[in-house]
Amino acid sequence: MRTFDLSPLLRSTVGFDHLNRLVDSALNADTPSAYPPYNIEKLDDDDYRITMAVAGFAEDEVTITVQEGTLYISAKAKDNGVERKFLHQGIAKRAFERRFELADTIHVGDASLVNGLLEIELKRIIPDHKKPRNIKITKAASAKTIDQDTTKLEIEAA
């Protein structure tokens, strides 16, 4: 397998360390399983939905966890003690874990399980400090400094 070195790209960027981890995990991942099938839907500019077909699983058999920018969806069927004999078993109901890497601004909302479809709502929430803002141009008598200890912007009065 070929290894890619992303360090030349990262020389001119700040704060994109997770990009290297994301590309490495994509390149080094085993062949992903197609089970269970899912859709990722963009509802509007800031709203998304993941819909996953989890036929046969009950709500208490499915676990949804968000940890360090990764959404984990897993399921494991509980043994109800009843032995069943199938002539044909087309509904897999096998254990799975599916991972989704989330951007820093994506927040996981509600989840619902209806008619064998698990739906997870996602919303992009951009904090005020990341939103674009206009910077007022002042005269040379007013100086803006950045305090290195507290990283607060202090404005000296003219």
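Just so we're clear, the structure is a prediction, and the values are computed from it rather than from any experiment.
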With heavy-atom distances below 4.5 Å as the criterion, would you say the side chains of [X] and [Y] are in contact?
X	Y	answer
Ile106	Leu71	no
Met52	Ile120	no
Arg133	Ile135	yes
Ile126	Arg124	yes
Val54	Ile73	no

Of all the heavy-atom pairs spanning [X] and [Y], show the shortest one and how long it is.
X	Y	value
Pro36	Ala53	CB-O, 3.2 Å
Pro127	Thr105	CD-CG2, 4.5 Å
Val62	Ala75	CG2-CB, 4.1 Å

Legend entry - Stacked cation flag Arg98 on Tyr38, 6.0 angstrom / 45 deg: no
Inset, instruction - Answer yes if Leu117 and Phe100 sit in the same cluster of Ile, Leu, Val, Met, Phe, Trp and Tyr residues linked by side chain heavy atoms under 4.5 Å apart, and no otherwise. - result: no
Kindly compute the distance separating [atom1] ([X]) from [atom2] ([Y]), expressed to the nearest 0.5 Å.
X	Y	atom1	atom2	result
His107	Leu102	NE2	CG	10.0 Å
Glu41	Leu122	CD	CG	11.0 Å
Arg49	Ile40	CZ	CD1	13.0 Å

Legend entry - By side-chain contact (heavy atoms from CB on, under 4.5 Å) - contacts of Lys85 (at least two apart): Glu83
Legend entry - Residues forming a side chain to side chain donor-acceptor pair (under 3.5 Å) with Glu97, sequence neighbours excluded: Arg99
Legend entry - Note: Glu61-Lys78 ion pair, threshold 4.0 Å (strictly below): no
Inset, instruction - Kindly check if the number of other-residue, nucleotide or ligand heavy atoms within 6.0 Å of NZ (Lys123) is above 12? - result: yes
Inset, instruction - State whether the number of non-hydrogen atoms from other residues, nucleotides or ligands found under 6.0 Å of Asp110 atom CG is greater than 12. - result: no
Inset, instruction - Would you mind listing every ring pair (Phe, Tyr, Trp, His ring centres under 6.0 Å) that reaches into residues 40-92, with sequence neighbours excluded? - result: Phe57-Phe96
